[in-house]
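Written below as structure tokens is the structure these notes are about.
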Amino acid sequence: AAARYLKSILTPGMVLAVSGGTTLAAAAEAVVPASFRGSVTVVPARGGMGEDLSKQAGTIAATIATKLGANYRLLHLPDSLGAEAAAAVAREPEIKEVLDLVRSASVLLLGIGAAQTMARRRHLCPDQLELLEQLGAVGETFGYYFNRQGEIVYVTPSTGLKLEDIQRIHKVVAVAGGSSKAEAMLSVLSYKFPPLTLVTDEGALWRMLSLVEGGSRKA
């Protein structure tokens, strides 16, 4: 469903930014081949996480671009660079060019994860995992961790798009599934994002509705 919707909203001249993860890797594989004749550019929304190559944003961007007959540019940087190192590298002409392209995206395809699961994928230390628990973090996207009220409670270094960049993006499409992610999705979507489209499954939707109706969320 995510692959079909994505294809339906792309038009020539657009820049599409994509994040990483298992769900988006599956969405990329589901994209039906098309021929945009290089009129669309696909870019990773962030650097690499040092995980399974197939789940990295750069691989997903390349897969989608290849299937669509689009151009793509890669961001050859680890996502976990510290702020000072990231600022220094971002001044390199080739890196700056790609980062500027990422920030100019008109469509963003992003995934949503459970806070503790994503923290472990990012190799956070035990003290950080405990802190996330204490802060009530339940959802994550782009290295931002959200509590049940949709408040940002923790941020890890990230190379690429920031939350403030998302405010300027025309179409944001969030993709996540499984009832186990319902609370994470509600926490992230409770943040003041611009209007976005959520693609999910029935199990997750019913669980989200039960959480809202149970009084733990605002409808």
Are any side-chain N or O atoms of Gln128 and backbone N or O atoms of Cys125, one a donor and one an acceptor, separated by less than 3.5 Å? yes
Does atom OH (Tyr72) have a neighbourhood of more than 12 heavy atoms from anything else shown, all under 6.0 Å? no
Hydrogens and angles aside, do Thr197 and Tyr5 bring a side-chain donor and acceptor to less than 3.5 Å of each other? yes
Taking Thr66 for the side chain and Ala62 for the main chain, is one N or O donor matched with an acceptor at less than 3.5 Å? yes
Any salt bridge between Glu183 and Arg207, counting N to O under 4.0 Å? no
Side chains of Thr200 and Met185, heavy atoms from C-beta outward: is any pair under 4.5 Å? yes
Residue pair Leu161 / Ile169, side-chain heavy-atom distance below 4.5 Å: yes
With a 3.5 Å cut-off and sequence neighbours excluded, list the donor-acceptor pairs that the side chains of residues 14-26 form with protein atoms.
| from | atom 1 | to | atom 2 | distance (Å) |
| --- | --- | --- | --- | --- |
| Ser19 | OG | Gly111 | N | 3.0 |

Aromatic ring proximity, centroids under 6.0 angstrom, Tyr144 and Phe142: no
Is it true that, when you exclude Glu164 itself, more than 12 heavy atoms of the residues, nucleotides or ligands shown sit nearer than 6.0 Å to its CD? yes
Set of salt bridge (charged side-chain N to carboxylate O under 4.0 Å, His left out) partners for Arg168, sequence neighbours left out: Asp165
Does a sphere of radius 6.0 Å around CD in Gln167 hold more than 12 heavy atoms from other residues, nucleotides or ligands, not counting ones at 6.0 Å or beyond? yes
So, do Val138 and Asn147 sit near enough that their side-chain heavy atoms are less than 4.5 Å apart? no
In the structure I gave you, are the side-chain heavy atoms of Thr141 and Phe146 within less than 4.5 Å of one another anywhere? yes
Just by distance, no angles: are the side chains of Glu151 and Tyr191 close enough, under 3.5 Å, to form a donor-acceptor pair? no
Do Leu110 and Val175 have side chains that get closer than 4.5 Å, going by heavy atoms? no
With sequence neighbours left out, write down each residue that passes side chain to side chain contact (heavy atoms under 4.5 Å, CB included) with Ala115, or none if nothing qualifies. Ala137, Tyr145
Side chain to side chain contact (heavy atoms under 4.5 Å, CB included) partner of Lys171, the single match among Leu6, Leu196, Ile9: Ile9
Check: Ile112 main-chain N/O paired with Lys181 side-chain donor or acceptor under 3.5 Å: yes
For the backbone of Gly143 and the side chain of Glu140, can you confirm whether one donor and one acceptor N or O come within less than 3.5 Å of each other? yes
